[in-house]
Amino acid sequence: MSVQSPAPTRSAPHGAPRAPRRVGFSQRLSRWDFKLSPYLYISPFFIIFAITGLFPLIYTAFVSVYDWKLLGGQGDFIGMQNYTDVLSQATFWKSLRNTFSIFALSSVPQVLVAIVLAALLDQNLRAKTFWRMGVLLPYVVAPVAVGLIFGRMFADQSGLINSWLGAFGVDPIRWHVDPLASHVAIASMVNFRWTGYNTLIFLAAMQAVPRELYEAAIIDGAGRVRQFFSVTVPQIRATVIFVILTSTIGGLQIFDEPRVFDAAGRGGASQQWMTTTLYLYDVGWGTQRNLGRAAAVAWLLFIVVVMIGLLNFAVTNRISSAGTGRPSRRQRRAAARSSRRSA
Amino acid sequence: MRKTTRKAWALAAGVMSISLLATACSGESSEGDDDAASGDSKVTLTVATFNNFGYTDELLAEYTEANPNVTVKQTRAAESADARTNLTTKLAAGGAGLADVEAIEVDWLPELLTSADAFEDLTDPSVEGRWEAWKQEAATSEDGRLIGYGTDIGPEGICYRADLFEAAGLPTDRAEVAELLGGEGATWDKYFEVGRTFTAASPEVAWFDSASATFQGMVNQIENPYEESDGTPKSLGDNSDIKALFDQVTAASADLSAGLTQWSPDWDAAFQSNGFATMLCPAWMTGPIEERAGGVTGWDVADVFPGGGGNWGGSYLTVPASGKNVEEAKKLAAWLTSPETQVKAFANAGTFPSQVEAWEAEDLKSATNEFFNDAPVGEIFANRAAAISVTQFKGPNYFQIHQTVTDALARVDVDKSEDAATGWQGAVSAFDSLGL
């Protein structure tokens, strides 16, 4: 295919402005290769995302403005009716409350514990891999199995935890009755499963922190704790932001754990622990079987997640830029010294 | 020209990658197509069931023996809820991917009948009179299409703990217990009254397990619990029948109920810790009781039910119209629900037949249950089935409404977070917010 292209004689006779040099196919190919290939290489993600992410998103928006029953299928166009219906159902607001409550009870301690665990695993331990794999073990357990085990532990009358509490003379906690108690129980399931996962992400980031920084810190006389706060945490800021964002998104979409918390999976008799995704499922496939409304719930949840995500991003970004922008202690000390000297 | 080739290349690359993905997603076409094309040759039929229908490999092999060109494959969902989600989701998608024969539970019928066209009409002279009339009517649409062949039913008796009865000074023999509870003329009031005698003697043991379950048994005896026969929902606030049952059961629960939710871990544990002495007992419930009460002796079944007979649960086999071998599937469904096969299924899994003729079968009549003190369960549940007189109407909104009431019962009986009056108010406002 390598037809040598330059044929200057062809255009020259006319004396017209010189035509651009013609390039051979192989050269052209390599130019395409240069320009196009990167996009092709990254395209599988975007194509898959378009099929499995973007299309359902848009189609859900389409469904949400129709009267759409699970079995009856598409009905009349009803505009924003589904949204107003959902917003006027008290259960929706209750589900948002529950979602945020469970999210706060799970994500916050989870990230904190994960970062500390990662710091511990980052030390010089015997049988490192054993300990590191150990923290991931709960993540491998299927959520339904976790639900079964925790369901037994948190049973109101016959549960393990209540009988332990009884041994200390504490009255049994009504895990399936009081909203806060049920949220704590569900959050503990979430934490059990996800803490190790986040730990490994933090650990990976910590491994990339240059060891010289620690050596310098040790020479400066910093202890373990001081090293953790002054070297480790600032160095893995980007990862912290990533973990906080992903666990926020995951936390707001929590479904498995509240679903398996009791046999009916409807979030309790007065919807004490019905999260928004559980509500979504109940509206679409549970008792109401109304896909139009379920789609509206999905979009409302999407908007909430995006808003919280943006807020989150703004806050964490601010913290991290404030961290780098703020003069370090050494700089401040130097500045203070020089100002003292000049005084 | 060159420029267009360049674009074409880019386009081709894009189209290629998309179509590669698209084809990867559509791996649905299978042997089914070939079978349909070649008429009489080998056919593989799929049957989708849940829990345990008693269709063992041996039983299905019998069908292949009689029909050598047919192989039957069963897929079994662990829970009926999984099967229901699978069925409705695929129906909503036009029926692609459904099995040739799909098992359904009686409770799904109201909504499935709203799209009766998605199922084959199974009316056939050869199966006329095979089932109790009410069983067949429940699966018949308004225009007379029969969408499912009945498999089992759930005639209710009373399961009780003879040892706890003895400790409380009550009779223990199942015939005497049936008399104690009122025999033929048993009523709910009588059932609760005996309960009070019992709890007076054994205050640490509850009389029944759950207010919601007891309420379920009572509601099953009302012909139009929540909806008129044309499907219009009754306003719950004005529904005096349901309100009366609600009041009756909450009043009784206060001192008779163990305050448990069926199928919860606490309920499971109560079987081992003498949590309650009696429970409503549809035929299929004997299995779950035995499963949970292993090692506990004294369970028995009394041939009696308050308020006459009652049916709780039971299943059907349907043939989705989108299937590729509907004729063969119909034949298989008819065979699986024939009295002879159903008696075998009863022996395999305790699913009580809905076929009138099966109740006369010697195998059924002589069936006993070892765990329940060798109770003649075949005979007892045949009697209980014969006592069922009410064809309950369940419309498309039955579940939404029933759920609001059982949630309220759970708040009163299990959570104890509300009193009966507040609970009822909550049920009414939950009903109103459904916007039916």
Side-chain angles (χ1 to χ4, degrees), chain A residues 22-23 25 28-29 31-32 35-37 39-40 43-44 46-48 50-52 68-73 85 88-92 148 150-159 174 176-179 261-272 281-282 284-291, chain B residues 2 5-6 9-10 13-14 17-18 21-22 25 81 84-85 88-89 91-92 94 111-112 114-115 118 212 258-270 272-273 275 396-397 399-404 406-418 423 426 429-430 433-435:
Chain A
R22 305 205 59 185
V23 256
F25 186 67
R28 200 182 291 273
L29 203 61
R31 209 175 60 197
W32 290 340
K35 286 193 166 169
L36 206 61
S37 298
Y39 295 101
L40 278 180
S43 66
F46 289 95
I47 292 166
I48 291 176
I51 294 171
T52 62
W68 200 304
K69 291 280 186 298
L70 180 65
L71 284 179
D85 283 351
S88 66
Q89 284 192 349
T91 316
F92 172 73
L148 281 175
F150 277 69
R152 290 278 185 281
M153 283 168 59
F154 283 105
D156 290 18
Q157 295 172 20
S158 57
R174 303 178 14 101
H176 288 77
V177 179
D178 301 328
F261 191 53
D262 72 340
R266 291 188 64 257
S270 42
Q271 285 84 43
Q272 305 97 305
Y281 185 80
D282 191 52
W285 290 267
T287 47
Q288 302 192 24
R289 320 220 120 207
N290 190 330
L291 283 187
Chain B
R2 290 283 183 166
T5 9
R6 181 174 158 185
W9 266 97
S17 41
I18 290 174
L21 277 165
C25 295
R84 182 186 188 200
T85 312
T88 46
T89 310
L91 275 182
E111 62 181 19
L112 294 182
T114 59
S115 45
S212 296
L260 299 164
T261 308
Q262 285 202 331
W263 318 109
S264 73
D266 279 336
W267 186 67
D268 296 349
Q272 293 292 337
S273 60
N397 295 309
F399 276 98
Q400 294 191 52
I401 308 174
H402 185 64
Q403 190 76 57
T404 62
T406 46
D407 274 352
L409 276 173
R411 289 195 294 270
V412 177
D413 177 49
V414 184
D415 293 1
K416 299 187 174 63
S417 56
E418 287 176 3
S429 63
S433 79
L434 288 175

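Because only heavy atoms are used, hydrogens play no part in the values below, and waters and symmetry mates are left out as well, while side chains stay in. Being a predicted model, the structure only gives us computed values, none of them experimental. Letters go in sequence order (proteins before strands), and every chain restarts at 1.
For the options Asp156(A), Asp178(A), Thr91(A), heavy-atom pairs under 4.5 Å to chain B are most numerous at Asp156(A). Between chain A and the options Leu260(B), Asp407(B), Asp266(B), heavy-atom pairs under 4.5 Å are most frequent for Asp266(B).
Taking the side chain as every heavy atom from C-beta outward, Asp268(B) and Arg152(A) approach each other to under 4.5 Å. Side-chain contact between Asp415(B) and Gln272(A) is present, with heavy atoms from C-beta onward closer than 4.5 Å.
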What verdict does the side-chain contact (heavy atoms from CB on, under 4.5 Å) test give for His176(A) and Thr261(B), after you've listed the backbone C-alpha separation in whole Å, the side-chain angles of each residue and the deciding distance to 0.1 Å?
CA-CA 11 Å; His176(A) 288 77; Thr261(B) 308; over 6 Å; no

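Of the two parts of Gln400(B), the backbone and the side chain both hold a non-hydrogen atom closer than 4.5 Å to a non-hydrogen atom of chain A. Proximity to chain B (any heavy atom under 4.5 Å) is restricted, for Tyr281(A), to the side chain, taken from C-beta onward. Both the backbone and the side chain of Gln157(A) come within contact range of chain B, each with at least one heavy atom under 4.5 Å from a heavy atom of that chain. With a 4.5 angstrom heavy-atom cutoff, Thr88(B) touches chain A via backbone and side-chain atoms both.
Across Ser158(A) and Pro265(B), no two heavy atoms sit closer than the pair OG-O, 3.9 Å. Annotation for Ser270(A) and Arg411(B): closest pair CB-CD, 3.4 Å, computed over non-hydrogen atoms.
The distance from the CZ atom of Arg289(A) to the OG1 atom of Thr114(B) is 9.5 Å, given to the nearest 0.5 Å. If you take NZ on Lys416(B) and CZ on Arg174(A), they are separated by 7.0 Å, rounding to the nearest 0.5 Å.
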